[in-house]
Amino acid sequence: MTMKREDGLMASDNTDWPMLIGGRQTAALSGKTIDVINPATGNAFCTVPAADADDVDAAVAAAQKGFAVWGKMSPLERATILNKAADLLQARMPEFVAAEVRQTGRPVREMRAQLARTPEWYSYFAAVARTYESKVHPFGGAHINYGRRLPLGVVALVTPWNHPLLILTKKLAPALAAGNAVVVKPSEVAPVTPIMLGEVLAEAGLPDGVYNVVTGLGATAGAALTNHPGIAKIDLTGGTETGRHVAAIAGKRLIPFAGELGGKASVVVFEDVDIEQAAAATLFASFVAAGQTCVQGARLLVHESIHDAVLARLTERTNALRVGAPTDEATQMGPVISTQQLATVEKYVAIGKDEGARLVTGGERLGDAEREGGYFYAPTIFADVTNDMRIAQEEIFGPVVCVMKFKDEAEAVSLANGTAFGLAASVWSPNIAKAKRVAEGIEAGIVWINDHHRIDPSSPWGGFKDSGLGKENGIVCYEGYTRMQSIVVNTAEEPFDWFADDGKQKRYS
Ligand code: NAD
């Protein structure tokens, strides 16, 4: 498909991004490229190489060379480079924000807030590498048993389009801190900032070959990478079906797999929450990133006594959201990512109506003069939703939310647990004892109390149930990028001779 090239590109805008293999910027061996589309205009603004198996072979070979250097460097040397990368990324933040806005269509206000935090991941994991202490295990007797944490080797990082730089960073910082080399396969829809990051890392002093990026489709470049015998771990963020498929490949090869997968988070609002606060909370959980986050509060569970008041105020605030050009500082919600995503949203809105849910607001594509060509969809609320409806159960990944009522604590917990997903949830009440009790009853990897969608490099992040396997962030994630070796030292002076007929009672276990 030939796309119209976007107008208004700045001279500094790169219109043909290369991939990054072994420290070199390179095209695909086949010469093929993929257009990258600005979802706010529907126009292509750059191309990236369409890598296939040969390019992936080259990237893994380069990463193996990179690992031979990086894996032997001391934690202090690695931490110094990661800290420098944090500073350089900070210094180039406006460029990264602009690129992220262009490729994702997310409002500049959002991307500035999100990306401002990314350097913290590099400095946090630099500190982890510097301070991580091995354990001495209580083996007993004359034996000293200490554990060594070793890097895995070359790891594959497969990432999605919704938070391209943040999600990559959540995997990359711990992987590098632990001494691994990486081959990244970013989403074909938003590959630019992962490529740009290579410049920052090179300038920070990361040896060639430690950070490689192969761009291309999931079915070609992604499949070649995840099936590659040179890969020691696969860490993927994406849809649950992609995760299952790739986890099976890792399972066959007996290599570790981490998957941050789909979600359908519940937001539980109790009767003691102020209506204005409840509306602000549910508005944010529903429509930040145009609902395209794995922790979107797609299921708003509101106590029956305040349901109507919260729904009315939420609807007013939703109708007042400024949906438009993501580059405009005043814009509060941008487009969805692609025509495919737009079609998914339209399909689910039709399903919701068929299922008998009440469309309160939205439910249509927005295409006025200002938004012509972009993939804009009105923020949409369904009420009178029951938990068995498909719109309440399946991940839509767009600006569509379902409102349901509950009568008591037990029903709130049961509804919140009534999905196959288990990534995140939030519980809202000034009664902290109640909120804590409910939070602890919810089967989700992350539960916020009186907040939603908060993250920190130290805070373990990962789903239960169909939302995934493994954790990002924190020491637990760092450890997931290592393998542990147990060294057992015999310090006994007395020689050991199991088969000696000396009449002594011996042990060998
Ligand atoms: P996706 O599953 O379509 O793609 C994710 C990545 O996997 C892309 O790079 C893609 O090219 C690659 N891929 C696809 N098929 C592959 C294959 N057969 N082999 C190897 N790689 C393959 O997901 P998406 O549409 O990019 O992202 C949206 C999804 O990501 C949603 O389901 C969302 O919930 C999930 N997500 C989860 C989290 C989390 O923290 N749990 C965070 C963000 C997004």
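Residue numbers start at 1 and run along the sequence shown. Remember, it's 1-based here, ligands and their atoms both numbered in the order they're listed.
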Subject >> Closest protein heavy atom (residue, atom, distance) for atom 41 (N) of ligand 1 >> reply: Leu261 O, 2.9 Å
**OP:** Classify the contact between Ile167 and ligand 1 as side chain, backbone, both or neither, using a heavy-atom distance cut-off of under 4.0 Å.
**Re:** side chain
Original post:
What is the ring orientation for Phe284 with His453, classed by angle as parallel under 30°, tilted 30 to 60°, or perpendicular over 60°?
Top reply: tilted
**OP:** Before signing off on this row, confirm whether Phe397 and ligand 1 have an N or O atom pair separated by under 3.5 Å.
**Re:** no
**OP:** Compute the minimum heavy-atom distance from Gly463 to ligand 1 and say whether it is under 4.0 Å.
**Re:** no
Subject >> ligand 1 atoms in contact with Glu188 (distance to a heavy atom under 4.0 Å) >> reply: 10 (C), 11 (O)
Original post:
Are Glu199 and Arg92 close enough for a salt bridge, meaning some N to O gap below 4.0 Å?
Top reply: yes
**OP:** Run the numbers for me: atoms of ligand 1, each under 4.0 Å from some heavy atom of Ser187, listed by number.
**Re:** 9 (O)
Original post:
So is Pro186 close enough to ligand 1, meaning a heavy atom under 4.0 angstrom away?
Top reply: yes
**OP:** Select the closest option to atom 4 (O) of ligand 1 among Pro194, Gly238, Gly259, judged by heavy-atom distance.
**Re:** Gly238
Original post:
For Asp456, what residues pass the salt bridge (Lys or Arg N to Asp or Glu O under 4.0 Å) criterion, not counting sequence neighbours?
Top reply: Arg117
Subject >> Nearest non-hydrogen protein atom, atom 24 (P) of ligand 1 >> reply: Trp161 NE1, 3.3 Å
**OP:** May I ask whether Gly468 has any heavy atom positioned less than 4.0 angstrom from an atom of ligand 1?
**Re:** no
Original post:
Of all the atoms in ligand 1, which lie at a distance below 4.0 Å from a heavy atom belonging to Thr242?
Top reply: 1 (P), 2 (O), 7 (O), 13 (N), 14 (C), 15 (N), 16 (C), 22 (C)
Original post:
Which atom pair, heavy atoms only, marks the closest approach of Ala27 to Asp55?
Top reply: O-OD1, 4.2 Å
**OP:** For the pair Gln393 (side chain) and Gly418 (backbone), establish whether a donor and an acceptor sit closer than 3.5 Å, ignoring hydrogens and angles.
**Re:** yes
Subject >> Sub-4.5 Å side-chain heavy-atom contact between Glu479 and Met484 >> reply: no
**OP:** Identify, by atom number and element, the atoms of ligand 1 in contact range of Gly222, meaning under 4.0 Å from any of its heavy atoms.
**Re:** 19 (N), 20 (C), 21 (N)
